[in-house]
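Any value given below was found using the heavy atoms of this structure, including those in side chains, with hydrogens, waters and symmetry copies removed. When a residue number appears, it is its place in the shown sequence, counting from 1.
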Amino acid sequence: MNGGLVPWSSATTHVSAHALHYGSGVFEGMRCYETPDGPAVFRLNAHLDRLYSSAEIYGLESPYTQAELSEAACEVIRRNDFNSCYVRPICYFGSGSLNVHPRDCPVEVVILAWPWALTWVLRDSSRACASPSRPGESFIRA
């Protein structure tokens, strides 16, 4: 959370956060799967590209680079000893002003991760395929 690791039970957001009142935030959701080589996040770079594109539309300028967020997401997975999980990076305008324009509000960045079991099962007659936009970048090891 904003550059530091915070236990789940200690993570807080102030009730005057701009994003709470005006919805001024963006997020992504991605899965990390258990593989024989360890946990791997599916299309991490593509998800972060989309997060930064969404943030740009909102005028949210992240204080972290995409490379820093990528490493931070992997660190959160490693430090929690997750083999598979759901990862959600969020960027939003925090507490600073309740004016409609968030110019006086800091940009907050959080990466949440929690275990999330597979909720669907492929039947014997089903097939599934993922077609990445950039071959070779589908999974990033955590």
So, does [X] use its side chain to make a donor-acceptor pair with the main chain of [Y] at under 3.5 Å?
X: Ser53; Y: Asp49; value: yes
X: His18; Y: Asn99; value: yes
X: Tyr64; Y: Gly3; value: yes

Mind checking who shares a hydrophobic cluster with Tyr22, ILVMFWY linked at side-chain heavy-atom distances under 4.5 Å?
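Taking Ile, Leu, Val, Met, Phe, Trp and Tyr as members, Tyr22 shares its hydrophobic cluster with Val100.
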With the 4.5 Å side-chain cut-off for hydrophobic clustering, are [X] and [Y] part of the same group?
X: Trp116; Y: Trp8; value: yes
X: Leu98; Y: Phe93; value: no
X: Leu5; Y: Val109; value: yes

Residues that [X] engages under salt bridge (charged side-chain N to carboxylate O under 4.0 Å, His left out), provided they are two or more places apart:
X: Arg103; value: none
X: Glu34; value: none
X: Arg50; value: Glu28

- With side chain to side chain contact (heavy atoms under 4.5 Å, CB included) as the test, would you mind laying out the steps for Tyr86 and Leu112 before giving the verdict? CA-CA 8 Å; Tyr86 186 81; Leu112 295 88; over 6 Å; no
Sequence neighbours excluded, every pair satisfying side-chain hydrogen bond (donor to acceptor under 3.5 Å, both in side chains) that has a member inside residues 104-114: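 Applying side-chain hydrogen bond (donor to acceptor under 3.5 Å, both in side chains) to every pair that reaches into residues 104-114, excluding sequence neighbours, yields Asn2-Glu108.
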Pairs involving residues 83-102, ordered by first then second residue, that meet salt bridge (Lys or Arg N to Asp or Glu O under 4.0 Å) (sequence neighbours left out):
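Pairs touching residues 83-102 that pass the test: none.
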Within residues 72-81 or reaching into it, pairs that qualify as salt bridge (Lys or Arg N to Asp or Glu O under 4.0 Å) - sequence neighbours excluded:
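Salt bridge (Lys or Arg N to Asp or Glu O under 4.0 Å) check on residues 72-81 returns Glu71-Arg78, Glu75-Arg79.
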Report yes or no: do Thr35 and Asp37 form a side-chain donor-acceptor pair below 3.5 Å?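 There is no such pair (donor and acceptor under 3.5 Å, judged by atom type) between the side chains of Thr35 and Asp37.
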#### Entry: From Val87, Leu69, Leu44, residue fulfilling side chain to side chain contact (heavy atoms under 4.5 Å, CB included) relative to Cys74
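Filter result, single survivor: Leu44.
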So which of Val76, Val41, Asn83 actually passes side chain to side chain contact (heavy atoms under 4.5 Å, CB included) with Cys32?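 Per the side chain to side chain contact (heavy atoms under 4.5 Å, CB included) rule, the option paired with Cys32 is Val41, out of Val76, Val41, Asn83.
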Residues in side chain to side chain donor-acceptor pair (under 3.5 Å) contact with [X], at least two apart in sequence or another chain:
X: Glu56; value: none
X: Ser62; value: Tyr52
X: Ser16; value: His14, Ser95
X: His21; value: none

Identify the heavy atoms of [X] and [Y] that sit nearest to each other, and give their distance.
X: Gly25; Y: Leu60; value: CA-CD1, 4.1 Å
X: Cys105; Y: Gly96; value: SG-N, 4.0 Å
X: Pro39; Y: Phe82; value: CG-O, 3.5 Å

Just do the side chain to side chain contact (heavy atoms under 4.5 Å, CB included) check on Asn80 and Cys85 with the steps written out, would you?
CA-CA 10 Å; Asn80 281 286; Cys85 62; over 6 Å; no
Item to complete: Could you list the residues that satisfy side chain to side chain contact (heavy atoms under 4.5 Å, CB included) with Ala67, not counting sequence neighbours?
Response: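 Once residues adjacent in sequence are excluded, the partners of Ala67 under the side chain to side chain contact (heavy atoms under 4.5 Å, CB included) criterion are Thr65.
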Inter-residue atom distance Ser10.OG - Met1.CE, 0.5 Å rounding: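 Rounded to the nearest 0.5 Å, the OG-CE separation comes to 10.5 Å.
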**Prompt:** Do His47 and Pro89 come within less than 4.5 Å of each other through their side chains, counting heavy atoms only?
**Reply:**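 The answer is no, as the side chains (C-beta and beyond) never meet within the 4.5 Å cut-off.
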Note to self: Under the criterion side chain to side chain contact (heavy atoms under 4.5 Å, CB included), I'd like the reasoning laid out for Leu51 against Val26: C-alpha separation, chi angles, the key distance, then a yes or no.
What the structure shows: CA-CA 7 Å; Leu51 178 77; Val26 296; 3.8 Å; yes
